[in-house]
Engineer: 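Sharing a structure with you now.
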Amino acid sequence: MEPMGTLHPSSLSPRDLPWRVCWDRNRCSLCGQCTAVCPVRAIELGVHRRREIPVLMNLSERPGNVYSVFYEIDQKTEPAHACVGCGMCSFVCPNSAIFPVRSEEADKLRFHANQGGEPRRRGGRRNDPSSVLDRIKFVRISMLTDPALDAGRHEFELRTLLGRILPPEEILKASDEDGWVPPVREIYPLIVGGMSFGALSPNMWEGLQMGVAYLNEELGMPVRISTGEGGCPPRLLRSRFLKYVILQIASGYFGWDEIIHALPEMKEDPCAIEIKYGQGAKPGDGGLLMWHKVNGLIAAIRGVPPRVSLPSPPTHQTQYSIEESVAKMIQSLCMAWGFRVPVYPKISASSTTTAVLNNIARNRYAAALAIDGEDGGTGAAYNVSMNHMGHPIASNVRDAYLNLVKIGKQNEIPLFAGGGIGKNGNLAANAAALIMLGASGVQVGKYLMQAAAGCVGSESDRCNICNIGLCPKGITSQDPRLYRRLDPEDVAQRLVDVFVSFDAELKKILAPMGRSTSLPIGMSDALGIDDSAAAERLHIGYVV
Amino acid sequence: MCRLFAITSQEPLSPMVALQALDVMKEGHDGSGVGLFMTDLGGALEQFRGSPILSGIFTQEGIRRLDRYMMELGLLTKFKFSIRPAKEPPEGTPKRDVYLIRVYEQPSTWEGLTEAEFAERLMKIRIELTRLGEQDGSMMVFSFWPDTIVIKEVGDPLAVAEYLGLDRMGLSARVIMAQGRQNTNYAITLHACHPFFLQGFATMTNGENTAFVPIREYLTSRGFPGYTGYQSDSEVFTHILHYTVSRLGLGIDDYKHIITPLMDGELTRHPDSGFLRRLKHGCRFLTIDGPNCVIGCLPNKTLFMVHDSKKLRPGVAGGRPGIFAFSSEMCGLDRAIPVRDENYEFQPMKYDLVYVDASRKEIRRWNQWEPCIHLH
């Protein structure tokens, strides 16, 4: 007999993988589309020999072996080729003959996803579907004295402010003395969060930009989009659409050479400058664009050589004293645009957020503070960072807001919350809850990838291969063979759908509370939750 | 929804004028409370115009504590009305020991105080008395200010007035504001009755204040000790007025712009758009989100009324030179001033501010689309 071979410690059977590919021999036409489309080559056409021993009815002939060849779809079990559950095989199969199913038992792959001593890296989001935001209810409904409003017919003003807002006393003084008043933007409270050109495919980026332009120019919704850390295409920098864009600078300074050189040619000021100090999905860790995605275009925009991994440092390397250099950086960027553009930091939610906030509060050039919670998404990070690092957004925003109330600056420093908003599809409810906890607006990324581009990722470790440029939907890939699957026009259309429906839902939340004139920032008396500890922590009602 | 009535007259009037006007609007209030604010006083109190008047409800023990406290500060009683009702209170009204209106003589050490110092001292005394009284319910202080009386009680306005004998006491004033409370979302407490008063500013409101919590947080974080209380969501309207006029040095037209700012799109078409946009931004947390009707009185005795855009049932203004009134409903106006000059009849809408100054010659109207005049 042949030896069975050696079993390696990381030898896995299909049962040990998180996803098994089920294939129906009777339906399969062996067209091969599934094997061609699989982003991780988890399946392949298998050619096998079958031995049969027919039982003969007559005794004159001796029984013997009959050999035949048959074909099937084999699932690979090496960790590098483990099925990610994206389901693209089902998408392309003409006969519905194949689909991935989650293994019934906890997978063993997790113990072997560190081959060569490399911890698992992936894209996506924290693998935890739970959400405190989903449990928050809106319990203050206008009754008796004040009838609820008609969400469909009433006039609403759902705008927020991005920018340092001086206290009224100083506004009046500045008006009298013709003094400087920090720039303030009146914007829509739902912001397209920073997803870089590079992390996203060109088609995805273009689709988002087109959608944002349409929302502004055709529907009058002042929606803004952050570039993420990856620079900005030169034509956009020199177009009138720049005013809808928040330019992000982070510790890698990618693309900023191009931006600075475009300054004299800019027709419009950008909406704002976001200085990224941290990201909720991987707090304390820098950005990461793996070499797979650094093609010629990305390299040109970012000002780097192609095909090298681009890890941003965890902090801005120019910083020696954090407070001092944060202040200087904010001031320098304010100065670059003649103090006409709001400049604000974005940090990952942390138990030290209030310390940062107090520092920002004393810096008159700091326009806002964006806080990104642990449920934020990312194009690439270590699995451990994503799953175990970070702070939930709800209590962090609440603490930050109440801290501002304590020092009387709740109107001066708008807070923007991100991370996990709409993670289970409840975009408007989650956003409204955060606003009532004290946020002036919310930033959202993953939801838009799912709703506007059909990202199949989930909080239960499905797909999550944004980091290696193999996004099966073409959202986070730089390979034209993949990203041409995504039509920018369709992305733009879906983005508009999302914002218009969000707007309708937000009104459906605010109208019964009798709110229409101003965004209910800090209206915590409207909130309740069925968990007394959470209610106490968030200073909201406990309802059962 | 609560019913409001305010009247300003050249000749001092009995508070019963306002309370009777409330009574004819009884369909709109349920008798769960009444508040009465009087200033520009007539009668016996007119001679004490510069001296602070304490208004409140006290137990016997409260009176003793008050006397001890005021004596220590060197404040001596100059004149007083003490109402000690002998008969049983009307249904729903609790039995109290003393309703006090007491005029104090300022100590000689207060001479030379600036107006602001004087105002601050009076406010701090009121706050301290409130704090002391809260411990055992012995003192409930409504105001401590010259030329000002505030009376509040739980119950039907007219029944309370008759019970307290307000018609027989000889009280009179040229400016009277009265509220008949419709209890809805908040508990029936004395402190929920309007008008509210702070350093010469008084307002009363009907309609719920949906933005109450953020506004309260904003006011309490201004570092001004008078921004406290808030057992009613309507108290913030008084304090926003105080903040606008006293702290920011702006006028009631700006108050209108602060509590009910023009929409962003409208602002671009306003002659003062730059200033108003900044004011809207800076006072974002003071925007009310209605539906409210606010009637207020300034220290200079100007009476005004504003609404927000959601107020489906705005108040009415009317009268004749020498006497004007603002009322939740026309029938209240008819009851108080049956003979009016119809040229002054007006129902202000969402952009309007109506006001009558102390000369009481006319009702003036200012519209939010007009340039700002910082009307004091």
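Just so it is clear: chains get the letters A, B, ... in the order the sequence lines come, proteins before strands, and each one is counted from 1.
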Engineer: I'd like to know if B:K280 and A:E157 make a salt bridge, using a cut-off of under 4.0 Å between side-chain N and carboxylate O.
Structural biologist: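 Yes, charged N to carboxylate O under 4.0 Å.
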Engineer: Donor-acceptor check, side chain of B:K310 to backbone of A:G514, threshold 3.5 angstrom: yes or no?
Structural biologist: yes
Engineer: So what's closer than 4.5 Å to chain B heavy atoms on A:Q410: side chain, backbone, both or neither?
Structural biologist: both
Engineer: When heavy-atom pairs shorter than 4.5 Å are enumerated against chain B, which of A:G408, A:G163, A:G220, A:A174 gives the highest number?
Structural biologist: A:G408
Engineer: Inspect the surroundings of CZ in A:R153 and state if more than 12 heavy atoms from other residues, nucleotides or ligands are less than 6.0 Å away.
Structural biologist: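 Count not over threshold, so no.
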Engineer: Are any of the side-chain heavy atoms of B:D289 and A:S516 separated by less than 4.5 Å?
Structural biologist: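 Yes, at least one pair of side-chain atoms sits under 4.5 Å.
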Engineer: Would you mind checking which part of A:L161 comes under 4.5 Å of any heavy atom in chain B, side chain (CB onward), backbone (N, CA, C, O), both or neither?
Structural biologist: both
Engineer: Among B:L312, B:D264, B:I288, single out the residue with the greatest number of heavy-atom pairs under 4.5 Å to chain A.
Structural biologist: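 Top option by heavy-atom pairs under 4.5 Å: B:D264.
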Engineer: Can you measure from NE2 (B:H374) to CG (A:L172) and round to the nearest 0.5 angstrom?
Structural biologist: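 Nearest 0.5 Å value for the NE2-CG distance: 8.5 Å.
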Engineer: For B:C283 versus A:P168, what's the shortest heavy-atom pair and its separation?
Structural biologist: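 Heavy atoms only, the tightest pair is SG-CG, 3.7 Å.
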Engineer: Let me know if B:R278 has heavy atoms under 4.5 Å from chain A in its side chain, its backbone, both or neither.
Structural biologist: both
Engineer: Report the distance from atom CZ of B:R284 to atom CG of A:N411, rounding to the nearest 0.5 Å.
Structural biologist: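 The CZ atom of B:R284 sits 5.0 Å away from the CG atom of A:N411.
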Engineer: Starting at CD of A:E169, measure out to OH of B:Y243 and round the result to the nearest 0.5 Å.
Structural biologist: 3.5 Å
Engineer: Which atoms of A:F156 come close to chain B, meaning under 4.5 Å heavy atom to heavy atom: side chain ones, backbone ones, both, or neither?
Structural biologist: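 Backbone of A:F156 only, per the 4.5 Å heavy-atom cut-off to chain B.
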Engineer: Quick check on the interface: out of A:L402, A:L519, A:I521, A:T517, who has the most heavy-atom pairs with chain B under 4.5 Å?
Structural biologist: A:T517
Engineer: Below 4.5 Å from any heavy atom of chain B, which atoms of A:R159 appear? Answer side chain, backbone, both or neither.
Structural biologist: side chain
Engineer: Of the backbone (N, CA, C, O) and the side chain (C-beta and beyond), which part of A:S440 lies under 4.5 Å from a heavy atom of chain B, both, or neither?
Structural biologist: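 For A:S440, side-chain heavy atoms alone lie under 4.5 Å from chain B.
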Engineer: Can you see which heavy atom on A:R140 is nearest to which on B:N209, and at what distance?
Structural biologist: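 Scanning both residues, the minimum pair turns out to be NH2-O, 4.1 Å.
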Engineer: Given a strict heavy-atom distance threshold of 4.5 Å, which part of A:V405 is in contact with chain B: side chain, backbone, both, or neither?
Structural biologist: both
Engineer: Please state whether the side chain, the backbone, both or neither of B:F275 comes within less than 4.5 Å of a heavy atom of chain A.
Structural biologist: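 For B:F275, the side chain is the part near chain A, not the backbone.
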Engineer: Could you check whether atom CD of A:E536 has more than 12 heavy atoms from other residues, nucleotides or ligands sitting under 6.0 Å from it?
Structural biologist: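 It does not: A:E536 CD has 12 such atoms or fewer within range.
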Engineer: Is A:M523 close to chain B through its backbone or its side chain, or both, or neither, when contacts mean heavy atoms under 4.5 Å?
Structural biologist: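 Contact with chain B: backbone and side chain both.
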Engineer: Tell me, for A:P520 versus chain B, whether the close heavy atoms (under 4.5 Å) come from the side chain, the backbone, both or neither.
Structural biologist: neither
